[in-house]
Each structure stands twice: as C-alpha cells, then as structure tokens.
Amino acid sequence: MGQVNRQGPEGNPAGLPGARRPLEGARILITRNPDRAETLAAELRLAGAEPLLLPLTDVERARDQDALDDAFDALGAGRFAWLVVSSATTVLALAETAAARTVALSGWIPQSTRVAAVGPATLDALQSAGITVHFVPKQGHSAAGLAAEWPGGPCDVLLPQADIAAPALARGLEAKGARVRTVVAYHTVDYPAARDRRLASSAMNTGAGSGSLPVLTPDAAKGAVASGGVAAVVSLIHI
C-alpha cells in the first residue's frame, strides 16, 4: 500500500474533519513592509490566521554614500580585523555596495577579516551571502550581549549600521579595547521609501512574494483594532 499523507489542506494536521488550527480565524496585523512580511505571514496562515499588513517603516540607501564607500574600500583593503554586523538589512546594504563594484560581498571581505553577527537572522543573511561567520553571542542576541561576549580585544573594527542605531554597541566594543569605525549603511524611513532610494530586500526574502497580503491604510487598521476585528498586532526586528 502507498504511504498515507497525514497532512491535511492548509496544514490541518491529519486533515481530520472539524480539526482546528491554533489561530483559526484570527486576524493578525503585521507592521512590516511587504517584502519583509511574507515569511511570517505564511507561518500565520499555516496556523489558521488571516494576516493583514500595515507597513510602518522602510529602508533607503545611505545618503552619505561617500562615507560608506570609503569604509567599504577600507574593508576590502584588509584594514579591519573584524566586521561586526548588527542586522540582516546591513548585509543587504553591504551586498548592494559590493554589487556596484561588480563583485560579491563574500569575495570583497578578506579572509583575514573575521565576521561577527549579533543574532540568528543576521547570521542567516550572512551565510546566505556565502560569508563565514566567526562569532555570534550565545547568551543575548543584542548589542549588550555581543559586547559582553566580545572575543576580539584591542583591534580595528568596522561597524556599519542603521542611521537610528544606538551607540551602545560601539561603546561596548570600545570598552573592550576595540578601535571602532561606525558608518551609516542605510536609513530607516516612514513607509514607503523613495522609489529611487529604496533598499529592496528581495534577495533576502525566501517567500513567494507578498502580493496576496491585504495592505491596510492607517485609518482602516485603526478601525479594525478598535472594533475588535484584529486579534493581535505583530512587529518584529530581525537581528
């Protein structure tokens, strides 16, 4: 006899009549922009929820491109012992900067430069770009956690980050003796970003696209929440 498929439609375990998924019928509002929401939306659908989208922020390329280019050239020249990456979006910004030089980011970073990632999402983004990651904090996936477990000691460090990034990580590394060069890799802006400056994340998105996600206006979202039509609001920061 052939093997029986125990997975029912839309992820319904065993396809049993009347079996309910844990979030069956719940409307969940996701406050991420479309190309960063699909993976979460797919998981919510499998649990029976109806995901809705209210994009709040977006990302744009660094406005001071000269400063980013100068730091990026110094990275390629091997002037930094460590590259510290504090978000998956930073990987995207660096990869785009490398692409402008017609090279892959993995080919631009010297083998002598060690790479640190603040957390699992950043680790995944770096590994997806073919980059070996030498350090991820074990305890806290945060600026404080990375600084507390920092293995680099006194050395030259490149820290590309968002324009709104707090100085805690740079200060924490400096307290361990590191000589830190910070540079703005991207800007966080209200959604939507300017079309000609938007930092698209399609290369990092493994979902099938977000065209099927209902996108609400702020007024519509406010009304849905006020009327009780939304069970939960989800906002995620991937580090």
Side-chain angles (χ1 to χ4, degrees), residues 29-41 52-76 80 83-106 108-109 115-119 121-126 128-129 131 142-143 157-170 180-211 213 215-218 221 233-239:
L29 185 64
I30 306 171
T31 60
R32 294 179 65 80
N33 64 30
D35 56 1
R36 290 171 172 80
E38 182 59 36
T39 299
L40 174 59
L52 308 172
L53 191 62
L54 175 63
L56 297 180
T57 63
D58 211 341
V59 288
E60 293 181 350
R61 298 178 185 89
R63 292 165 195 163
D64 189 350
Q65 198 65 46
D66 288 342
L68 179 58
D69 284 341
D70 186 64
F72 196 74
D73 287 341
L75 173 66
F80 299 103
L83 169 65
V84 175
V85 186
S86 57
S87 73
T89 305
T90 298
V91 182
L92 179 65
L94 294 179
E96 186 173 278
T97 304
R101 291 161 168 75
T102 66
V103 298
L105 180 58
S106 58
W108 187 264
I109 300 173
V115 179
V118 72
T122 306
L123 171 65
D124 288 347
L126 286 164
S128 294
I131 297 165
S142 64
V157 174
L158 177 60
L159 176 59
Q161 53 191 356
D163 62 313
I164 61 172
L169 180 52
V180 181
R181 178 173 178 180
T182 60
V183 64
V184 173
Y186 63 95
H187 288 262
T188 302
V189 299
D190 291 340
Y191 184 86
R195 181 171 297 181
D196 61 340
R197 297 202 58 81
R198 186 167 187 270
L199 195 59
S201 64
S202 58
M204 291 166 55
N205 177 30
T206 57
S210 54
L213 278 176
V215 178
L216 304 185
T217 64
V233 178
V234 179
S235 180
L236 296 178
I237 299 175
H238 286 181
I239 62 175

Are any non-hydrogen side-chain atoms of [X] and [Y] less than 4.5 angstrom apart?
| X | Y | answer |
| --- | --- | --- |
| I109 | I131 | yes |
| P34 | P55 | yes |
| L158 | V183 | yes |
| L216 | L29 | yes |
| Y191 | L56 | no |
| L199 | E96 | yes |
| T97 | D69 | yes |
| V115 | L126 | yes |

Let me confirm one number: the [atom1]-[atom2] distance from [X] to [Y], rounded to the nearest 0.5 Å.
| X | Y | atom1 | atom2 | answer |
| --- | --- | --- | --- | --- |
| L123 | S128 | CG | OG | 9.0 Å |
| T31 | L53 | OG1 | CG | 8.5 Å |
| T57 | I164 | OG1 | CD1 | 7.5 Å |

Where do [X] and [Y] come nearest, in terms of heavy atoms and distance?
| X | Y | value |
| --- | --- | --- |
| A88 | T122 | N-OG1, 3.5 Å |
| R198 | D58 | NE-OD2, 2.8 Å |
| A93 | A185 | CB-O, 3.5 Å |
| P160 | L83 | CD-CD1, 3.8 Å |
| V91 | A129 | CG1-CB, 4.4 Å |
| V180 | A170 | CG2-O, 4.0 Å |

Exercise for the section: Say whether, by atom type as modelled, one donor and one acceptor occur between the side chain of W108 and the main chain of F72 under 3.5 angstrom. Expected result: yes
Exercise for the section: Step by step, work out the side-chain contact (heavy atoms from CB on, under 4.5 Å) result for V234 and L40. Expected result: CA-CA 10 Å; V234 179; L40 174 59; 3.8 Å; yes
Practice task
Start with the C-alpha distance between L169 and V84, add both sets of side-chain angles, then the distance that settles side-chain contact (heavy atoms from CB on, under 4.5 Å), and finish with yes or no.
Solution key: CA-CA 10 Å; L169 180 52; V84 175; 4.1 Å; yes
Handout entry: Test log, rule side-chain contact (heavy atoms from CB on, under 4.5 Å), inputs T90 and Y186
Key = CA-CA 7 Å; T90 298; Y186 63 95; 3.4 Å; yes
Exercise for the section: Verify side-chain contact (heavy atoms from CB on, under 4.5 Å) between R32 and T39, making sure each step is shown before the conclusion. Expected result: CA-CA 11 Å; R32 294 179 65 80; T39 299; over 6 Å; no
Fill in the blank from the handout: Sorted by chain and number, sequence neighbours left out, salt bridge (charged side-chain N to carboxylate O under 4.0 Å, His left out) with D163 holds for none
Practice task
Going by the side-chain contact (heavy atoms from CB on, under 4.5 Å) test, name the single residue among R197, R63, R61 that passes it with H187.
Solution key: R63
